[in-house]
Amino acid sequence: IGQQADPVLTIATGLQLSDMTIGASVACNGVCLTAIAVQHNQFQVQVSAETRARTTLGAWREGERVNLERSLRAGDEMGGHIVSGHIDGTATVSERHAEGDSWRFQFIVPTALRRYLAPKGSVAVNGVSLTVNEVRADDFGVNIIPHTLGATNFGFLQVGMSVNLEVDLLARYLDRLLSQRGM
């Protein structure tokens, strides 16, 4: 059985990489990947078929902007909800419009993931920890403040684009526990 090799991606960044070592975890658009090589302003990761199938990584193109975040270290401030980098699926941008100084984004969500979303609950979109504003039949909405718009790749997202989605870890485990108990 012929199998294609897992591609190696090179990611250039302005982030400080002097303390990054081979084996370090880096969230790339929310996807937890392992650094296999590190140089001055870039690092490399290898992407498995499973990761390409469940995330937007299979569609990345050279020059695409991605959100990067290093792993949380003991003692670091935890400024959002728990985000593991284990992507649950993708969503599609269905709306984007200005709302005051902020931007409102709506995302169409796969049916299997809708159960994990709740108004004022947590979700990670392309690795960015966000509060869900509302949940409708097949989508959910968030507001993005100007700082987040400029500091992430949200400023480049357009209607029809796919994003990586990580639902709230606690919601995922609670659902699993309740389904095992037959509730």
Side-chain angles (χ1 to χ4, degrees), residues 7 9 25-33 45 47-61 63-69 78-183:
L9 303 179
S25 293
V26 182
C28 303
N29 266 7
V31 182
C32 182
L33 297 173
V45 295
V47 184
S48 71
E50 172 75 6
T51 298
R52 291 191 318 274
R54 292 189 177 268
T55 70
T56 62
L57 269 73
W60 282 11
R61 301 290 172 249
E64 185 164 340
R65 293 179 183 264
V66 297
N67 298 325
L68 299 176
E69 188 166 5
M78 190 164 152
H81 76 284
I82 298 170
V83 178
S84 66
H86 302 164
I87 302 302
D88 295 294
T90 61
T92 304
V93 179
S94 60
E95 293 180 41
R96 174 197 164 134
H97 61 272
E99 192 171 88
D101 290 334
S102 299
W103 286 85
R104 169 62 69 124
F105 284 83
Q106 295 291 135
F107 299 96
I108 298 173
V109 184
T111 304
L113 297 179
R114 291 179 194 153
R115 67 190 301 142
Y116 302 112
L117 298 170
K120 304 306 172 203
S122 299
V123 67
V125 177
N126 274 356
V128 180
S129 173
L130 299 168
T131 300
V132 175
N133 285 356
E134 81 279 332
V135 179
R136 301 186 302 200
D138 65 351
D139 70 356
F140 72 96
V142 298
N143 273 68
I144 304 297
I145 63 171
H147 171 79
T148 304
L149 192 75
T152 67
N153 65 3
F154 272 84
F156 300 93
L157 290 180
Q158 299 298 321
V159 171
M161 294 177 83
S162 293
V163 295
N164 293 315
L165 190 68
E166 181 180 338
V167 298
D168 184 70
L169 183 67
L170 297 176
R172 192 180 325 141
Y173 280 114
L174 182 60
D175 180 65
R176 173 95 171 149
L177 177 66
L178 293 175
S179 66
Q180 287 179 338
R181 296 176 120 195
M183 299 179 131

Value rounded to 0.5 Å, distance of [atom1] in [X] from [atom2] in [Y]:
X: Glu95; Y: Asp139; atom1: CD; atom2: CG; answer: 6.5 Å
X: Cys28; Y: Leu57; atom1: SG; atom2: CG; answer: 7.0 Å
X: Asn126; Y: Met161; atom1: CG; atom2: CE; answer: 8.5 Å
X: Arg115; Y: Asp175; atom1: CZ; atom2: CG; answer: 4.0 Å
X: Arg172; Y: Leu113; atom1: CZ; atom2: CG; answer: 9.5 Å
X: His147; Y: Asp101; atom1: NE2; atom2: CG; answer: 15.0 Å

Smallest separation among heavy atoms of Gly58 and Arg61, with atom names: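 For Gly58 and Arg61, the tightest heavy-atom pair comes out as O-NH1, 4.1 Å.
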Heavy atoms of other groups near Gln106 CD, more than 12 under 6.0 Å: yes
His97 atom NE2, neighbour heavy-atom count above 12 within 6.0 Å: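 For His97, atom NE2 is crowded (more than 12 foreign heavy atoms under 6.0 Å).
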Could you check whether any side-chain heavy atom of [X] comes within less than 4.5 Å of a side-chain heavy atom of [Y], counting everything from C-beta outward?
X: Phe105; Y: Phe154; answer: yes
X: Val128; Y: Asn67; answer: yes
X: Ile87; Y: Arg54; answer: no
X: Val83; Y: Glu69; answer: no
X: Phe107; Y: Val142; answer: yes
X: Tyr116; Y: Val109; answer: no
X: Trp60; Y: Asn29; answer: yes
X: Leu33; Y: Leu9; answer: no

Hey, is the main chain of [Y] close enough, under 3.5 Å, to the side chain of [X] for a donor-acceptor pair?
X: Arg52; Y: Val47; result: yes
X: Arg65; Y: Phe156; result: no
X: Arg114; Y: Val135; result: no
X: Glu166; Y: Gly85; result: yes
X: Thr148; Y: Ile144; result: no

Val31/Thr51 under side-chain contact (heavy atoms from CB on, under 4.5 Å): CA gap, chis, key distance, verdict: CA-CA 8 Å; Val31 182; Thr51 298; 3.7 Å; yes
Single hit among Thr56, Thr55, Val123, Thr90 for side chain to side chain contact (heavy atoms under 4.5 Å, CB included) with Leu165: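 Single side chain to side chain contact (heavy atoms under 4.5 Å, CB included) partner of Leu165 among Thr56, Thr55, Val123, Thr90: Val123.
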